[in-house]
*Asks:* 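Below are the structure tokens for one structure; questions will follow.
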Amino acid sequence: HPEALRLLRAPSREVGEGVFDFQHFMIERLRGELARVNLEHRTLIAASRGNLASQGRVHKAALAILAAPSFEQLLQIVTTDLAVLLDVDIVTLGVESSASPTRLMPHGIHLLRAGTVDALLGADRNVLLQADMPGDATLFGGAAGLVRSQALLRISIGRSAPTGLLCIGARRLGRFNPGLGTELLAFLSRVLGITISQWLSPGR
């Protein structure tokens, strides 16, 4: 039962008054270092598995976007299917516009005032992760009350097209930690922007 060794302490020796057994301290130090390395190893494995799972979810979401048979179906995939594919609670799409809506907007699609995306993300940032942030009804509509953590992704559709914002919300605090990498989410937003642009300008 080799695992029993983890429960045992290194034996000390009687070496006389005023003399310390350095072998005992060295063994205890090695035991501590081994425990630390094992913990770091398990943490690294867990993080790698989490990253791999996130990568798989984003790739599935990107494929679903690319496979949309129509523009209407694309919007439905973004506002309905992506929440399941990304394992989050709500996904919406915001589009900047200076005009007032003349008709009821589709579910999950929100008009934003011009300049909203830059105001939220900053002019030079494409992804914003917030670990502890209540949802904004402007972005998430009636589902804003569910949101406790969010990822906001800039959607660049084209020079002459309005700027979009993909809003991903989760009810779990810390789901989108600012310390996480943003490459996968940036990739997803780029795929969505290109796909929307192609549907809006099919001949280009």
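When reading the values below, keep in mind they use all heavy atoms of this one structure, side chains included, and skip hydrogens, waters and symmetry mates. Model, not experiment: these values are computed from the prediction. Each residue takes its place number in the sequence, starting with 1.
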*Asks:* Do Ile77 and Ile90 share a hydrophobic cluster, counting only Ile, Leu, Val, Met, Phe, Trp and Tyr and linking them when any side-chain heavy atoms are less than 4.5 Å apart?
*Replies:*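 Looking at the clustering, Ile90 is in a separate group from Ile77.
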*Asks:* What pair of heavy atoms forms the shortest contact from Gly108 to Thr79, and how long is it?
*Replies:*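 Result for this residue pair: O-CG2, 3.5 Å.
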*Asks:* If you measure from OG1 on Thr138 to CG on Leu111, what distance do you get to the nearest 0.5 Å?
*Replies:*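 Answer for the OG1-CG pair, Thr138 versus Leu111, is 11.5 Å.
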*Asks:* Treating Thr92 as the side-chain partner and Ile109 as the backbone partner, does any N or O pair qualify as donor plus acceptor under 3.5 Å?
*Replies:* no
*Asks:* Please answer: with hydrophobic residues joined when any side-chain heavy atoms are less than 4.5 Å apart, are Phe187 and Leu152 in the same cluster?
*Replies:*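 Different clusters.
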*Asks:* Could you go through the side-chain contact (heavy atoms from CB on, under 4.5 Å) check for Leu139 and Leu120 one step at a time?
*Replies:* CA-CA 11 Å; Leu139 305 179; Leu120 290 170; 4.1 Å; yes
*Asks:* What I want to find out is whether Arg154 reaches Asp118 closely enough, with some N-O distance under 4.0 Å, to be called a salt bridge.
*Replies:* yes
*Asks:* Between Gln150 and Met133, is there a donor-acceptor pair closer than 3.5 Å when you use the side chain of the first and the backbone of the second?
*Replies:* no
*Asks:* State yes or no: do Leu188 and Trp199 share one hydrophobic cluster built from I, L, V, M, F, W and Y residues joined by side-chain heavy-atom distances below 4.5 Å, directly or via other members?
*Replies:* yes
*Asks:* Rounded to the nearest 0.5 Å, how far does CD1 of Ile155 lie from CG of Leu192?
*Replies:*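 These two atoms lie 4.5 Å from each other.
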*Asks:* Could you give the distance from CG (Leu166) to CD1 (Ile196), rounded to the nearest 0.5 Å?
*Replies:*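 Going from CG on Leu166 over to CD1 on Ile196, the span is 8.5 Å.
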*Asks:* Ignoring hydrogens and angles, tell me if any N or O in the side chain of Glu96 forms a donor-acceptor pair with the backbone of Thr116 under 3.5 Å.
*Replies:* yes
*Asks:* With hydrophobic residues grouped by side-chain heavy-atom distances under 4.5 Å, do Leu74 and Leu86 end up in a single group?
*Replies:*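 Linked within one cluster.
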*Asks:* Roughly how far, to the nearest 0.5 Å, is OG of Ser54 from CD of Glu183?
*Replies:* 12.0 Å
*Asks:* Can you get from Ile194 to Phe71 by hopping between Ile, Leu, Val, Met, Phe, Trp and Tyr side chains that sit under 4.5 Å apart?
*Replies:* no
*Asks:* Quick one: do Leu185 and Leu129 satisfy side-chain contact (heavy atoms from CB on, under 4.5 Å)? Show the steps, please.
*Replies:* CA-CA 10 Å; Leu185 291 177; Leu129 305 182; 3.7 Å; yes
*Asks:* Return the minimal non-hydrogen interatomic distance between Leu121 and Leu153, and the atom names on each side.
*Replies:*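 The answer is CD1-C, 4.5 Å.
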*Asks:* Rounded to the nearest 0.5 Å, how far apart are CZ of Arg190 and CG of Asn126?
*Replies:* 9.5 Å
*Asks:* Quick one: pull up CZ in Phe140 and NE2 in His110 and give me the separation to the nearest 0.5 Å.
*Replies:*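 Result: 8.5 Å between the selected atoms.
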*Asks:* Taking all non-hydrogen atoms of both residues into account, name the closest pair between Gly164 and Val117 and its distance.
*Replies:*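 Taking every non-hydrogen atom into account, O-CG2, 4.0 Å.
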*Asks:* Apply side-chain contact (heavy atoms from CB on, under 4.5 Å) to the pair Leu128 and Phe176, showing each step before the final yes or no.
*Replies:* CA-CA 9 Å; Leu128 175 63; Phe176 297 105; over 6 Å; no
*Asks:* Counting N and O atoms only, with roles assigned by atom type, does the side chain of Ser197 sit under 3.5 Å from a partner on the main chain of Ile157, one being a donor and the other an acceptor?
*Replies:* yes
*Asks:* Under a single-linkage rule joining Ile, Leu, Val, Met, Phe, Trp and Tyr whose side-chain heavy atoms are separated by less than 4.5 Å, which residues share a cluster with Leu30?
*Replies:* none
